[in-house]
Amino acid sequence: MSDTPLAPSPAPLSSAPVPPAPAPPAPLLSGPVLSAPLLSAPLLSARIIDWFASSGRALPWREPGFPAWGILVSEFMLQQTPVARVIPRLAEWLERWPTPGALASVPPGEAVRAWANLGYPRRALWLHAAAVTITERHDGVVPQGVDDLLALPGVGDYTARAVSVFAYGHRHPVVDTNTRRVIARAIDGNQEPAPPSNSRDLAAMDRLLPESVEDARVFNAGAMELGAIVCTARAPKCGECPIADACAWRLAGYPAYEGKRKAVQKKYEGSDRHVRGLIMAELRAAHVPVTRAEIDSLWPDAVQRERALAGLVADGLAVNAETGYVLP
DNA sequence: AACACGTGGCG
DNA sequence: TCGCCAAGTGT
């Protein structure tokens with residue numbers, strides 16, 4: 001299946017993802033990029049809401065009655081970690097620590113250990129610290145307001161809004177990387193969004209947000225879901241998209257992205273992050289202090305090794321005990 | 001604003 | 001194979 005005689009191969013303008021399967025659309029717009037949706041906002045949101053009801057995934061945190069604490073934990077775990085890897089860890093976590101108070105009562109290192117290989121272990125530390133704050137300052141109840149949530153460590157603008165909306169049903173725009181891509185394509189006619197700008201992105205989402213509190217919640221989730229499983233970064237499935245006929249990017253003929261490229265992710269192999277990861281894996285696995293000798297055996301370059309270890313200590317992820325290093 | 005920060009799966 | 005990407009946050 002290596003030869004594709006049918007491939008039209010029209011001079012690749014860039015390395016941009018090939019326009020989705022059902023090749024370029026029928027009528028191309030000749031004019032400039034649109035500044036408003038072709039579909040009225042209510043019509044567009046209704047399409048996404050209906051599509052979400054029929055095609056959205058049944059994820060744990062979408063189950064009726066899923067606790068606010070569970071939503072908060074899931075949002076922490078989902079920061080830069082794929083859904084499939086989060087699901088089993090989340091279940092374990094909530095079984096062990098069903099409330100913020102339960103988590104707050106154990107040392108932070110326990111949270112880091114249970115975080116396992118989800119990546120970015122500082123999130124486990126932040127989640128533990130958030131549980132402590134919730135326990136001490138909010139009577140053990142996850143706060144509902146965006147400002148209170150924002151004050152928690154590790155909770156930024158996305159997570160604060162997501163919890164307020166998905167756990168409590170408040171009406172706010174929620175913008176994540178998926179939503180940004182959907183808006184960039186469907187509304188702005190661009191393959192990729194411009195670099196994130198909080199005020200701009202929230203305003204854009206706010207213009208589409210249904211008035212009804214319940215519709216707004218579902219629309220927020222639906223826009224994210226659409227970006228996650230249909231309007232994907234690499235090979236969007238426009239054939240499955242509920243708003244394909246109104247998509248500005250599609251109607252413009254899938255122009256390649258022109259704007260600023262997002263910084264290329266630095267190579268992981270051999271990086272400081274790599275070394276930190278090796279040390280953290282060792283600390284998680286050990287139930288007695290990890291000796292210097294053991295740490296030294298993890299990575300040959302002493303300078304880089306020390307930098308990584310010092311960084312972990314500075315971040316509070318490792319503690320220098322009498323006989324070696326331990327989780328906090 | 002640009003970068004650091006883990007880990008693994010997929011095309 | 002290897003670069004891109006994944007429900008971001010903090011500095």
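All values below were derived from every heavy atom in this structure, side-chain atoms included, with hydrogens, water molecules and symmetry-related copies excluded. Here is the naming used below: chain letters follow the sequence lines, and residue numbers restart at 1 for every chain.
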Reckon A:Leu59 touches a base, only the sugar-phosphate, or nothing at all at heavy-atom distances under 4.0 Å? base
Base, sugar-phosphate or nothing for A:Trp61? Non-hydrogen atoms, less than 4.0 Å. base
Do NZ/NE/NH1/NH2 and the carboxylate oxygens of A:Asp245 and A:Arg47 come within less than 4.0 Å? yes
With sugar-phosphate meaning primed atoms plus P, OP1 and OP2, does A:Pro195 contact a base, only sugar-phosphate, or nothing at under 4.0 Å between heavy atoms? nothing
Here's a test of your reading of the structure: between A:Met224 and A:Trp126, which maps to the more 5' nucleotide of DNA chain C? A:Met224
Please tell me if A:Asn117 has a side-chain N or O lying less than 4.0 Å from either OP1 or OP2 of B:dG6. no
Can you name the atoms? Protein N/O to nucleotides 2-6 of chain C N/O, anything below 3.5 Å, with the distance.
residue: C:dG3; atom: N2; partner: A:Arg234; partner atom: NH1; Å: 3.4
residue: C:dC5; atom: N4; partner: A:Gln265; partner atom: OE1; Å: 2.7
residue: C:dA6; atom: OP1; partner: A:Arg181; partner atom: NH1; Å: 3.1
residue: C:dA6; atom: N6; partner: A:Gln265; partner atom: NE2; Å: 3.1

Which part of the nucleic acid does A:Asp157 contact within heavy-atom distance under 4.0 Å: base, sugar-phosphate only, or nothing? sugar-phosphate
To the nearest Å, give me how far apart CZ (A:Phe76) and C1' (C:dG10) are. 12 Å
Using the P atom on both, measure B:dA4 against C:dC4 and round to a whole Å. 16 Å
Would you mind writing out the side-chain donor-acceptor pairs for residues 135-146 of chain A within the sub-3.5 Å range, not counting sequence neighbours?
residue: A:Thr135; atom: OG1; partner: A:Ala131; partner atom: O; Å: 2.7
residue: A:Gln144; atom: OE1; partner: A:His170; partner atom: NE2; Å: 2.6

Counting only non-hydrogen atoms, which of residues 289-306 of chain A are less than 4.0 Å from DNA chain C? none
Roughly how far apart, to the nearest Å, are B:dG11 and C:dA7 at atom P? 15 Å
At under 4.0 Å between heavy atoms, what does A:Gly156 touch on the DNA or RNA strands: base, sugar-phosphate, or nothing? sugar-phosphate
Heavy atoms only, 4.0 Å cut-off, all strands: where does A:Arg161 land among base, sugar-phosphate and nothing? nothing
Residues in ring-ring contact (aromatic ring centres under 6.0 Å, His included) contact with A:Tyr268, at least two apart in sequence or another chain: A:His274
Proximity of A:Trp69 and A:Trp97 rings by center, below 6.0 Å: no
Verify whether one side chain among A:Arg273 and A:Tyr120 offers a donor that lies under 3.5 Å from an acceptor in the other. yes
With distance as the sole criterion, is a donor-acceptor pair present between the side chains of A:Arg171 and A:Ser212 under 3.5 Å? no
Could you check, using the six-membered ring where one of them is a Trp, whether A:Trp61 and A:Phe166 have ring centers closer than 6.0 angstrom? no
Closest approach to the side chain of A:Arg276, judged atom by atom: which nucleotide of B:dG6, B:dT7, C:dA7 is it? B:dG6
How is A:Arg57 classified with respect to the nucleic acid when contacts are heavy atoms under 4.0 Å: base, sugar-phosphate, or nothing? base
If we take the C1' atom in both C:dA6 and B:dG6, what is their distance in whole Å? 12 Å
Here the distance between atom P of C:dG8 and atom CZ of A:Arg180, to the nearest Å, is 8 Å
Compare side-chain N and O positions of A:Tyr268 against OP1 and OP2 of B:dT7 and report whether any pair is under 4.0 Å apart. yes
Give one of base, sugar-phosphate or nothing for A:Pro153, where a contact means two heavy atoms less than 4.0 Å apart. sugar-phosphate
Given DNA chain B, 5'-ward residue of the pair A:Lys260 and A:His274, judged by closest heavy atom: A:Lys260
Donor-acceptor contact present, side-chain A:Arg180 to main-chain A:Pro193, <3.5 Å: no
Can you run down the salt bridge (Lys or Arg N to Asp or Glu O under 4.0 Å) pairs that involve residues 140-168 of chain A, sequence neighbours left out, and say none if there aren't any? A:Asp157-A:Arg161
Side-chain donor-acceptor pairs under 3.5 Å in residues 317-328 of chain A, sequence neighbours left out?
residue: A:Asn320; atom: ND2; partner: A:Tyr325; partner atom: OH; Å: 3.4
residue: A:Tyr325; atom: OH; partner: A:Arg292; partner atom: NH1; Å: 3.4

Have a look at A:Val86 and say if it touches a base, only the backbone sugar-phosphate, or nothing, with a 4.0 Å heavy-atom cut-off. nothing
